[in-house]
2 protein chains.
Amino acid sequence: MKTTRKHLIEATKELLWERGYEAMSPRAVLERSGAGQGSLYHHFSGKAELVSTALDEIGEDMHANNRVYLHSDKPALQRIRDFLTMPRDALRGCRLGKMTQEPMSAQDGLREPMAAYFTELKQDLIGVLEEARQEGTLREDLNLPELAATIIAIVQGGYVLARASQDPEQMQQAIRGILALIDSAERK
Amino acid sequence: MKTTRKHLIEATKELLWERGYEAMSPRAVLERSGAGQGSLYHHFSGKAELVSTALDEIGEDMHANNRVYLHSDKPALQRIRDFLTMPRDALRGCRLGKMTQEPMSAQDGLREPMAAYFTELKQDLIGVLEEARQEGTLREDLNLPELAATIIAIVQGGYVLARASQDPEQMQQAIRGILALIDSAERK
DNA sequence: GTCTATAGCAGGATAGAC
DNA sequence: GTCTATCCTGCTATAGAC
């Protein structure tokens, strides 16, 4: 079946979100996908390549979702707010961000998908912030790459706070805090 | 030796920082500390209790370090800036924050030290922000618990950005971004 | 391409001598 | 209290039939 490979990747994506890389075993992937040992090692050289493929897809999924908010027909600064306030499962954590803290994130083939995701997101944010500046709604003195990095960091840090306390509200607080600061950087 | 227990805890603290919980084996702790199998299971019921003890100490270490910056004799808002810009090993990640993204962070006895650290840090930050408000250097309309959460999230998210890109500068950018926004919330 | 069976090894914990 | 020896389990990968 051509779908066996797809099933393996799907199961891997789920398990990476639930457990991360270290705690995710190929055996668990086989059980969840319904495939046998041989299939995994027929389609992939091992755990690392399987995960690398899954990470690529996760990055694409997330990027596509972000663009729904960042490229709508609303004013640029509103799109930034929409991105910050989009629904997020705070207690599950960021599918990619959480793995940056594991030792595997230094390995070749595994770091790249994470780096690519955050680089693209940052560029998207910078683009929207430039639009806001052109629309005249954003103060001129702000450094846009820095502001973009700040916005991403708030989301990632919000996940950390939420999980530490097991309380999604902690992430919401952090986001409301940055929204208030962005309000004061808005030219009205 | 009474110090065998201490050596076990020290080795655990180091290994948690390097590898996190899932990837840290009791065997590695024994090798690094020079102790034998029996010592570990004499002093602790198992991996979880050993790690719980180590996490408590890590939280205390970090809290003591934070207070150096948050309780200096400088103006309150400057202490916030000092906290944000204190030296950090961006590529190693936060000793506690990184583990909030592991599955173990839901386990009893392991989550508490992380939750306690972030709760105390947030309270400290709120206290300093209240001082700033009393000094008349901070805009009155800002919600202080939200701003405190934002500050913590920036640091935690900065670690994520730095590790994803393997570039400490990404964390610095995020921090400079929030410093600029805080500047605009300062009453001069 | 997919399966079952299994190898080889490391993780986590226990037993029991000293 | 500390040690060495050892158990059981699960992880990662390979072998080889279908």
Side-chain angles (χ1 to χ4, degrees), chain A residues 1-55 57 98-99 101-111, chain B residues 1-57 98-99 101-111 113:
Chain A
M1 291 283 254
K2 191 198 174 236
T3 53
T4 297
R5 183 188 159 94
K6 273 193 176 305
H7 290 325
L8 286 166
I9 295 171
E10 271 313 305
T12 303
K13 288 164 74 174
E14 290 174 16
L15 286 162
L16 284 176
W17 200 355
E18 294 169 19
R19 308 189 194 172
Y21 181 84
E22 299 291 349
M24 188 209 81
S25 68
R27 189 164 298 190
V29 173
L30 297 175
E31 283 166 12
R32 185 165 304 197
S33 67
Q37 288 278 27
S39 293
L40 197 163
Y41 292 92
H42 170 74
H43 291 290
F44 304 95
S45 63
K47 179 179 177 181
E49 194 184 279
L50 169 64
V51 169
S52 177
T53 304
L55 289 177
E57 286 199 12
K98 67 190 310 182
M99 278 180 283
Q101 304 304 305
E102 295 195 61
M104 57 70 100
S105 67
Q107 272 182 54
D108 281 348
L110 298 179
R111 186 183 76 257
Chain B
M1 291 281 254
K2 196 205 170 226
T3 53
T4 296
R5 184 188 157 94
K6 273 192 177 307
H7 290 325
L8 286 166
I9 296 171
E10 271 314 304
T12 303
K13 287 164 75 173
E14 291 173 17
L15 286 162
L16 284 176
W17 200 355
E18 294 169 17
R19 310 190 194 172
Y21 180 83
E22 298 291 349
M24 188 210 79
S25 69
R27 193 162 295 189
V29 173
L30 297 175
E31 282 165 14
R32 184 163 303 196
S33 67
Q37 287 278 26
S39 293
L40 197 163
Y41 292 93
H42 170 73
H43 291 291
F44 304 96
S45 63
K47 178 180 177 179
E49 193 185 279
L50 169 63
V51 168
S52 177
T53 305
L55 288 177
D56 281 336
E57 285 198 14
K98 68 189 310 184
M99 277 180 283
Q101 304 304 306
E102 296 196 60
M104 57 72 99
S105 67
Q107 271 183 54
D108 280 349
L110 298 179
R111 185 182 76 257

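Lettering follows sequence order; numbering is per chain, from 1.
Atom CG of A/Leu30 and atom C1' of C/dA5 are 14 Å apart (whole Å). If you take CD of A/Glu31 and P of D/dG10, they are 10 Å apart, rounded to a whole angstrom. Atom NE2 of A/His42 is separated from atom C1' of C/dT4 by 17 Å (rounded to the nearest Å). To the nearest angstrom, C1' of D/dT12 lies 18 Å from NE2 of A/His43. In this structure, the CZ atom of B/Phe44 is 11 Å from the P atom of D/dT2, given to the nearest Å. Going from atom CE of A/Met104 over to atom C1' of D/dT12 covers 16 Å, rounded to whole Å.
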Using a cutoff of under 3.5 Å, can you pull out all pairs of nitrogen or oxygen atoms linking the protein to nucleotides 10-13 of chain C, with atom names and distances?
residue, atom, partner, partner atom, Å
C/dG11, N7, B/Arg27, NH2, 3.2
C/dG12, OP1, B/Lys47, NZ, 2.8
C/dG12, OP2, B/Pro26, N, 3.3
C/dG12, O6, B/Arg27, NH2, 2.9
C/dA13, OP2, B/Tyr41, OH, 3.1
C/dA13, OP2, B/Lys47, N, 3.0
C/dA13, N6, B/Gln37, NE2, 2.4

List the atom pairs, donor and acceptor, that lie under 3.5 Å between side-chain atoms in residues 15-24 of chain A and the rest of the protein, sequence neighbours left out.
residue, atom, partner, partner atom, Å
A/Trp17, NE1, A/Gly93, O, 3.0
A/Glu18, OE1, A/Arg32, NH2, 3.1
A/Glu18, OE2, A/Arg32, NH1, 2.8

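We find the OG1-CD1 distance between A/Thr4 and A/Ile9 to be 11.0 Å, quoted to the nearest 0.5 Å. Taken to the nearest 0.5 Å, the CD atom of A/Glu10 stands 11.5 Å off from the OG1 atom of A/Thr3. Note: A/His7 NE2 to A/Leu30 CG = 13.5 Å, rounded to the nearest 0.5 Å. One finds the CZ atom of B/Arg111 at 12.5 Å from the CG atom of B/Leu55 (value rounded to the nearest 0.5 Å).
Contact check, B/Thr4 against D/dG1: no side-chain N or O comes under 4.0 Å of OP1 or OP2.
Of the listed residues (B/Thr12, B/Leu110, B/Asp108), just one forms a side-chain contact (heavy atoms from CB on, under 4.5 Å) with B/Ser52, and that residue is B/Leu110.
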